[in-house]
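Here is the structure we will look at.
Whatever order the structure lists them in is the order used to number ligands and atoms, beginning at 1. Note that the structure is a prediction, hence the values are computed from the model and not measured.
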Amino acid sequence: MTLHLSNSPQDIAKAAELLQQGELVSFATETVYGLGGNARDDQAVAGIFEAKGRPRFNPLIVHFPDRQAAAQEVLFSPMALELAEAFWPGPLTLVLPRREDSRISLLCSAGLDTLAVRVPAPETARTLLRMADCPVAAPSANRAGKISPTRAEHVMDELSRRIAAVLDDGACTIGVESTVVSLADERPSLLRPGGLAREELENLLGAPLELPVADSPVASPGMLRSHYAPQAILRLNATSVGAEEAYLAFGSEPEDKGKACFNLSPAGDLREAAANLFAALRELDRSGISMIAVAPIPDTGLGQAINDRLQRAAAPRVT
Ligand code: TXA
Ligand code: MG
């Protein structure tokens with residue numbers, strides 16, 4: 001049975017103990033819930049891939065309580081330091097060269113000579129990471145290709161019996177995964193748009209971020225075209241709704257709302273929309289509707305991460 005732990009000090013200590021014992025524990029970050037395991041323990045890391053049904057070529061993000069702990073495992077260039085100082089703890093993942101003396105399981109890097117590292121913001125997560133006293137590998141706590149979880153109940157729905165515990169810290173405040181930036185090459189590149197807006201990164205860097213070559217398997221192995229997929233088929237940029245469709249609205253709603261309607265943000269606020277996105281897709285899916293029409297979402301700020309996830313959710317399914 002999977003334990004449903006609260007965020008009390010005793011329960012956080014219990015979760016830390018389970019991680020030390022090589023068990024898998026899901027915990028909340030400000031972006032989505034992660035499926036955590038001791039990153040130094042090959043068996044624990046292999047267990048993460050298994051519980052998720054994730055292909056082994058897709059590397060994992062390793063989580064730390066602070067930058068100093070991350071610096072034991074990867075090499076920080078001056079630019080990496082600058083980004084970490086500006087945005088950690090927060091929704092930014094940095095892909096950096098692995099240190100030769102790093103004892104992180106090679107499975108986390110999936111054959112690459114880099115490691116993705118991140119310091120999540122919530123106090124509960126950082127207390128857990130400090131108490132576990134080991135780097136924690138954690139992909140989003142969903143089955144591969146499915147919608148990422150933003151509440152403990154979502155994790156329970158999909159992974160119960162596959163993991164030891166879920167540490168419930170409430171709903172994730174940001175709701176889309178971290179922005180992934182690679183600093184492994186000469187120029188910084190954006191591997192995944194996410195919870196930290198691209199504009200904020202570019203303002204600090206004073207230059208545009210490179211975009212990886214589309215679908216290059218090496219640059220960003222996890223960016224599969226079909227991902228975050230609900231059962232229902234999605235129709236994007238829809239300004240009207242068919243009688244058989246549900247509507248995922250943003251801002252104002254059309255008069256005819258189809259079979260069901262969920263508004264990501266009646267006020268047209270992209271942060272609010274990001275926080276609601278995955279829960280909304282789950283809810284519309286649960287209602288058994290087979291087609292979801294999705295309102296156009298502006299492609300600025302967090303809108304880029306929202307549109308990225310929607311395009312993957314709408315893509316032809318790989319089974
Ligand atoms: O917000 C998040 O980032 C959440 C929370 C739990 O931290 N985690 C998450 O992990 O979204 P995951 O495994 O679902 O996505 C990690 C992404 C994938 O696209 C993966 O391919 C990429 O990061 N990645 C990981 N390590 C990499 C590496 N060494 N080089 C390039 N891409 C890497
Ligand atoms: Mg994921």
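Inclusion of Ser109 in the set of residues having an N or O under 3.5 Å from an N or O of ligand 1 is not warranted. At least one N/O-N/O distance between Arg118 and ligand 1 falls below 3.5 Å.
In this structure, the side chains of Val294 and Arg235 stay at 4.5 Å or more apart for every pair of heavy atoms. Between Leu190 and Thr179, some side-chain heavy-atom pair lies under the 4.5 Å cut-off.
If you check the side chains of Arg271 and Ser265, you find no donor sitting under 3.5 Å from an acceptor. A donor-acceptor contact closer than 3.5 angstrom is absent between the side chains of Asn38 and Gln20. A donor atom on one side chain and an acceptor atom on the other are found under 3.5 Å apart for Glu177 and Ser148. Between the side chains of Thr31 and Arg118, at least one donor N or O sits under 3.5 Å from an acceptor N or O. There is no side-chain donor-acceptor pair under 3.5 Å between Ser105 and Arg40. Remark: the Thr150 side chain and the Arg282 side chain contain no N/O donor-acceptor pair separated by less than 3.5 Å.
With salt bridges taken as basic N to acidic carboxylate O contacts below 4.0 Å, none links Glu50 and Arg162. The pair Asp101-Arg99 meets the salt-bridge criterion, since a charged nitrogen lies less than 4.0 angstrom from a carboxylate oxygen.
With ligand atoms numbered from 1 in the order given, ligand 1 contributes 6 (C), 8 (N), 10 (O) to contacts under 4.0 Å with heavy atoms of Ala138. Near Ser140, the atoms of ligand 1 lying under 4.0 angstrom from a non-hydrogen atom of the residue are 8 (N), 9 (C), 10 (O), 12 (P), 14 (O). Counting the atoms of ligand 1 from 1 in the order shown, those under 4.0 Å from a heavy atom of Leu191 are 31 (C), 32 (N). The ligand atoms of ligand 1 that sit less than 4.0 angstrom from a heavy atom of Gly34 are 6 (C). Distances below 4.0 Å separate heavy atoms of His63 from the following atoms of ligand 1: 5 (C), 6 (C), 7 (O). Taking every non-hydrogen atom of Ile61 and a distance limit under 4.0 Å, the qualifying atoms of ligand 1 come out as 3 (O), 8 (N), 9 (C), 10 (O), 16 (C). Counting the atoms of ligand 1 from 1 in the order shown, those under 4.0 Å from a heavy atom of Leu112 are 28 (C), 29 (N), 30 (N). Close approach of ligand 1 to Thr31 is summarised as follows: ligand atoms under 4.0 Å from at least one heavy atom of the residue are 1 (O), 2 (C), 5 (C).
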(message) Before you tell me yes or no, could you show the steps for Arg103 and Glu73 under salt bridge (charged side-chain N to carboxylate O under 4.0 Å, His left out), namely the whole-Å CA-CA distance, both residues' side-chain angles and the distance that decides it to 0.1 Å?
(response) CA-CA 8 Å; Arg103 291 190 299 113; Glu73 313 295 342; over 6 Å; no

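Taking all heavy atoms of Arg98, Glu177, Arg54 into account, the minimum distance to atom 12 (P) of ligand 1 is reached by Arg54.
Contacts of Ser178 with ligand 1, taken as heavy-atom pairs under 4.0 Å, involve both backbone and side chain. Under 4.0 angstrom from ligand 1, there are no non-hydrogen atoms of Lys52.
Of all protein N, O or S atoms, those under 2.8 Å from the Mg ion (ligand 2) number 1.
When ring centroids are compared, Phe278 and His154 stay outside the 6.0 Å threshold.
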